[in-house]
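Below: one structure, written as structure tokens.
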Amino acid sequence: MVTAALKGGVGKTTTSVYLAALASSNRRSVTLVDSDPQASAAEWVEHATDDRFQRIDVVEAPTERLLTRALDRTASDGVVIVDTPPAHERLLAKALSRANVVVVPTRVGGIETSRVEAVLDIVPASTPRGLVICSARTFTRSYQDALATWSKAGVPVWGSAPERVAITAGPTAPLSSDGLDAYRRVWRRAQTAARSA
Ligand SMILES: Nc1ncnc2c1ncn2[C@@H]1O[C@H](COP(=O)(O)OP(=O)(O)OP(=O)(O)O)[C@@H](O)[C@H]1O
Ligand SMILES: [Mg+2]
């Protein structure tokens, strides 16, 4: 599973970390591959106190070579989640070429649509993909408009992570229960899409 966006700060790392935490609550082996040189996902998992993080293997792979090596080495029976860096299209393309399912974090707002489309363009045609709307204010008109736009474009929205202070706090706060609920839904829908591909 690859968490992909070309734009920075949309919620890739948050999404990767929540999905890894959920995956590790019900699977044997979870590897979180951090291909962002900033290593924010790796740091989050290292510093978090939540039990859900205990069994996650973190591999830092900030270059194409290291990413390829990391993906070649990961166990085929486990879950592998790749967090990607912003604005590194070659690395992103490499990760996407190996993905069985792609989660594209986005936010509400006009320009976001074209940014998501730029990512969807480099996802291999047969690979299932879906959006997660991050830091969503689900009660707003602009959020409803965004849902309508994606529905019209035929791009599935697998979930929306509501805007929460506990989510912004990263490893310094426990995982948000609203965040976990939202990402659980994303996780299920991504698994269903991957299975039926
Ligand atoms: N549901 C949410 N509620 C509140 N804040 C959020 C939520 N999701 C993400 N954020 C915040 O938005 C910011 C960007 O999120 P994140 O670091 O996950 O994005 P990113 O795409 O990985 O960024 P980068 O491109 O820098 O790697 C962070 O401060 C994060 O805490
Ligand atoms: Mg990040």
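Indexing begins at 1, ligand by ligand and atom by atom, following the structure's order. No hydrogens, no waters, no symmetry mates; every other heavy atom, side chains included, goes into these values.
Between atom OG1 of residue Thr106 and atom NZ of residue Lys7 there is a gap of 8.0 Å, rounded to the nearest 0.5 Å. How far OG of Ser24 is from CG of Leu19: 11.5 Å, rounded to the nearest 0.5 Å. With values rounded to the nearest 0.5 angstrom, Leu91 atom CG is found 9.5 Å from Leu66 atom CG.
Ionic pairing of Arg98 and Asp72 is present here: one or more N-O contacts between side-chain nitrogen and carboxylate oxygen are shorter than 4.0 angstrom.
At a 4.0 Å heavy-atom cut-off, ligand 1 touches Asp36 through the side chain alone. Only the backbone of Arg164 comes within 4.0 Å of ligand 1, counting heavy atoms alone; no side-chain atom from C-beta on gets that close.
With ligand atoms numbered from 1 in the order given, ligand 1 contributes 14 (C), 19 (O), 20 (P), 21 (O), 23 (O), 24 (P), 25 (O), 26 (O) to contacts under 4.0 Å with heavy atoms of Gly9. Counting atoms of ligand 1 from 1 in the listed order, those under 4.0 Å from a heavy atom of Glu163 are 3 (N). Within ligand 1, counting atoms from 1 as listed, the ones closer than 4.0 Å to a heavy atom of Thr13 are 18 (O), 20 (P), 22 (O), 27 (O). With ligand atoms numbered from 1 in the order given, ligand 1 contributes 25 (O) to contacts under 4.0 Å with heavy atoms of Gly8. Set against the non-hydrogen atoms of Pro162, the atoms of ligand 1 under 4.0 Å away are 1 (N), 2 (C), 3 (N).
The shortest side-chain heavy-atom distance between Pro86 and Lys12 falls under the 4.5 Å cut-off. The shortest distance between side-chain heavy atoms of Leu22 and Val186 does not fall below 4.5 Å. Between Pro62 and Pro85, every side-chain heavy-atom pair lies at or beyond the 4.5 Å cut-off.
Considering Leu92, Thr3, Val2 as possible partners of Val82, the one that fulfils the side-chain contact (heavy atoms from CB on, under 4.5 Å) test is Val2.
At least one N/O-N/O distance between Thr14 and ligand 1 falls below 3.5 Å. On a distance-only criterion, Thr168 and ligand 1 share at least one N/O pair closer than 3.5 Å. Where the criterion is an N or O separation shorter than 3.5 Å, residue side chain and backbone included, Cys134 fails it with respect to ligand 1.
For the pair Arg52 (side chain) and Tyr18 (backbone), a donor-acceptor distance under 3.5 Å is absent. A donor-acceptor pair under 3.5 Å is absent between the side-chain atoms of Asn100 and the main chain of Ala194, judged by distance alone. Judged purely by atom type and a 3.5 angstrom limit, Thr14 has no side-chain atom pairing as donor or acceptor with the backbone of Gly11.
Comparing Arg137, Lys12, Arg107 against atom 11 (C) of ligand 1, the shortest heavy-atom distance belongs to Arg107. Residue Gly11 holds the heavy atom nearest to atom 15 (O) of ligand 1 of all those in Gly11, Gly179, Ser176.
Counting only heavy atoms, the protein never gets under 4.0 Å from atom 28 (C) of ligand 1.
Looking at atom 7 (C) of ligand 1, its nearest protein heavy atom turns out to be Ile167 CG2, 3.5 Å. Ranking the protein heavy atoms by distance from atom 6 (C) of ligand 1 puts Ser135 OG, 3.8 Å first.
Residue pairs that meet the side-chain hydrogen bond (donor to acceptor under 3.5 Å, both in side chains) test with at least one member in residues 80-94, sequence neighbours left out, are Thr13-Asp83, Ser16-Asp83, Glu64-Arg90.
With a cut-off of 2.8 Å, the protein N/O/S atoms near the Mg ion (ligand 2) add up to 1.
Residue contacts with ligand 1: Gly170 is excluded, as none of its non-hydrogen atoms falls under 4.0 Å.
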Check: residues 150-158 side-chain donor-acceptor pairs under 3.5 Å, at least two apart:
none

Under 3.5 Å, which donor-acceptor pairs link side chains of residues 110-120 to any protein atom two or more places apart or in another chain?
| from | atom 1 | to | atom 2 | distance (Å) |
| --- | --- | --- | --- | --- |
| Thr113 | OG1 | Gly110 | O | 3.2 |
| Ser114 | OG | Ile111 | O | 3.0 |

